[in-house]
S.K.: 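Questions regarding the structure given below will be posed in turn.
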Amino acid sequence: MFISIQEAISQGKGNVALRGWVYRERKSNKLAFIVLRDGTNIIQCVIEKDKVSSGVWSSAEKVMVESSVTLEGEIREDKRAPTGYEVGVTDLKIVQTAERFPITKDQSTEFLLDVRHLWLRSRELTTVWKVKSAILAAAREYFEKQKYVEVTPPIITGSSCEGGSTLFKIDYFGEEAFLSQSAQLYLEALIFSLDKVYAITPSFRAEPSKTSRHLTEYWHCEGEAAWMQFDGLLDFMEGLISHVCVTVAEKCSAELKLLGRNSDDLKKIVPPFPRITYDEALNILKKDGIDVPWGKDLRTEEEEQLVKHYDKPLIVTRYPKKIKAFYMKDDPKNSEVVLCCDILAPEGYGEIVGSSQREENIDVLKEKIKNQGENIEHYNWYLDLRRFGSVPHSGFGLGIERIVRWFCRLETIRDAIPFPRTIKRKTP
Ligand code: ATP
Ligand code: MG
């Protein structure tokens, strides 16, 4: 019976039957080494010509990188082997002999992206997918514990949420439709029957510029809760992010280490997180010699400078109303700013969350829609939510790949998703 490489390593001795792909191979007259890979780990396997049948030796001679194989042999500890164990092979069968693998050392990023369907087998990227899976599982676990209901909002929509400039238009049977930028408006509709909901869906943004933190298709984790006010929102997000950090640090410490991240960094991400207002952020920046005029949004460089002062995610609240979306509620103490919050990752990985308390009063909301130059007709159904049992409520959106990039210390967000979609790339 086949077992996984990880199970074989845990077993540590005796006979094992393994299957997988050839990660590396090296041959001489009498010896052949294969590093075998499966979904769990890699292991060195050695074939000695004198100890195996001529059929097995001829398979060993034919084997190419990325060939699929099954093998049997005895596993033993070997300190020199890449994962500390080696299999002395007694039987080897090739399932498919791979053609010459196009990926070798020192190839250009563009080429590697062209063969992404093959490149994603690399050890580094495989490890990233595992960390990402743990992040998604930990997020779901937190929502479930807090009694949030997972819902499935639409991807094809008739209206926008985050503004027209980054909207993808599609031809919908001759009519105009859009790919969802955020599920927020739909989640708001669902809280009136479920109280607390969340969704993990793709969001689409026609991001016009090439940056290391923007994809045109990314996975968006959004939560919305009836009765939740601004302070409750901040506490909830702090709890969620901390839970994801601590859980993934524990579960994936080996994976994180392989990617150059010490999991202790993430174990330290526990509440309370530093909380500052937009105004305080401007003061800090001013002391650092950076002048941002009041009313301007914070740019990447400014966010990077701000987070240098902290080693936990930074909560920045109460941005000027004029740079934020129409649905955000005014701060009752200062109507120039709204009850919103961005959370910035440590170490300069940028914004990971956008959130706010929502405006629940229909007249104020209509005014806000008009002031932003939007057509009120497009929001008829949304305004119904303020006509039938409106309540105070809040919600947020967290970019999964932004978290992955931070945890895995990735230079670019492209490597946080198997098939990145960017301004220049939609294949493979
Ligand atoms: P940014 O200023 O970085 O473009 P945003 O203000 O447009 O972000 P929101 O509209 O608040 O972002 O979206 C919520 C979250 O979704 C962001 O905090 C971020 O984590 C994530 N996000 C937004 N746009 C992208 C993108 N193009 N690629 C990946 N993640 C994104
Ligand atoms: Mg944006």
Side-chain angles (χ1 to χ4, degrees), residues 128 132 135-136 139 153 157 160-168 178-185 187 198-224 233-234 237 240-241 244 273 278 281 292 296-304 306-307 313-317 319-320 322-328 338-346 348-358 372 394-408 410-426:
V128 174
K132 187 174 195 175
I135 288 171
L136 288 165
T157 71
S160 74
C161 180
E162 292 304 319
S165 66
T166 61
L167 211 49
F168 274 114
F178 307 98
L179 295 179
S180 171
Q181 296 174 303
S182 162
Q184 182 197 318
L185 306 189
L187 297 192
Y198 75 100
I200 301 179
T201 59
S203 272
F204 301 86
R205 309 264 173 116
E207 303 283 358
S209 56
K210 212 175 153 219
T211 76
S212 54
R213 60 186 184 129
H214 289 96
L215 295 162
T216 55
E217 175 182 297
Y218 72 97
W219 285 80
H220 206 172
C221 170
E222 293 172 273
E224 195 76 31
L233 170 70
L234 302 188
M237 295 188 298
L240 169 67
I241 293 170
V244 172
F273 295 176
Y278 168 87
V292 180
K296 276 259 176 319
D297 207 352
L298 301 177
R299 292 175 304 173
T300 307
E301 311 87 87
E302 289 140 11
E303 289 178 351
E304 277 171 11
L306 268 183
V307 301
L314 176 62
I315 294 184
V316 188
T317 62
Y319 284 69
K322 60 182 178 186
I323 53 169
K324 287 291 178 182
F326 69 85
Y327 48 74
M328 297 185 178
V338 281
L339 293 179
C340 71
C341 152
D342 282 2
I343 303 183
L344 311 179
Y349 287 104
E351 181 189 316
I352 47 176
V353 172
S355 68
S356 71
Q357 180 161 346
R358 320 303 190 189
Q372 297 230 346
S394 301
F396 64 92
L398 175 153
I400 293 293
E401 287 78 13
R402 298 264 175 107
I403 300 275
V404 172
R405 181 175 171 231
W406 161 35
F407 281 20
C408 299
L410 302 174
E411 208 167 293
T412 152
I413 196 166
R414 275 196 317 250
D415 287 341
I417 192 160
F419 295 98
R421 300 295 180 240
T422 60
I423 187 167
K424 288 244 172 74
R425 188 167 286 278
K426 55 186 185 308

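Both ligands and their constituent atoms are indexed starting at 1 by order of listing. All heavy atoms count here, side chains included; hydrogens, waters and symmetry mates do not.
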S.K.: Between the candidates R205, E351, R299, E207, which shows the shortest non-hydrogen contact distance to atom 13 (O) of ligand 1?
M.R.: R205
S.K.: Identify the two heavy atoms, one from F396 and one from E224, that lie closest to each other, and give their separation to 0.1 Å.
M.R.: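 Looks like N-OE1, 4.4 Å.
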S.K.: Would a 4.5 Å heavy-atom cut-off, applied to side chains only, mark T157 and L185 as touching?
M.R.: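 No, their side chains stay 4.5 Å or more apart.
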S.K.: Can you find a heavy atom in the side chain of V244 that is under 4.5 Å from one in the side chain of F407?
M.R.: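 Yes - at least one pair of side-chain heavy atoms lies under 4.5 Å apart.
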S.K.: What part of R213 sits under 4.0 Å from ligand 1 if we count only heavy atoms: the side chain, the backbone, both or neither?
M.R.: both
S.K.: Would you call the rings of F204 and F168 parallel, tilted or perpendicular if under 30° counts as parallel and over 60° as perpendicular?
M.R.: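 Ring orientation of F204 relative to F168: perpendicular.
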S.K.: Please state which part of H214 comes within less than 4.0 Å of ligand 1, counting heavy atoms only: side chain, backbone, both or neither.
M.R.: both
S.K.: I want to know if ligand 1 touches V353 in the polar sense, i.e. an N/O pair below 3.5 angstrom.
M.R.: yes
S.K.: Show the atoms of ligand 1 that are less than 4.0 angstrom away from any heavy atom in I352.
M.R.: 18 (O), 20 (O)
S.K.: Of all the heavy-atom pairs spanning L215 and R414, show the shortest one and how long it is.
M.R.: CD2-CA, 4.2 Å
S.K.: Measuring from non-hydrogen atoms of H220 to any atom of ligand 1, is the shortest distance under 4.0 Å?
M.R.: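 Distance cut 4.0 Å: H220 passes for ligand 1.
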S.K.: Give the atoms of ligand 1, by number and element, whose distance to some non-hydrogen atom of G354 is under 4.0 Å.
M.R.: 11 (O), 18 (O)
S.K.: Does ligand 1 have any atom sitting under 4.0 Å from a heavy atom of I413?
M.R.: yes
S.K.: Do H214 and I413 have side-chain heavy atoms sitting under 4.5 Å apart?
M.R.: no
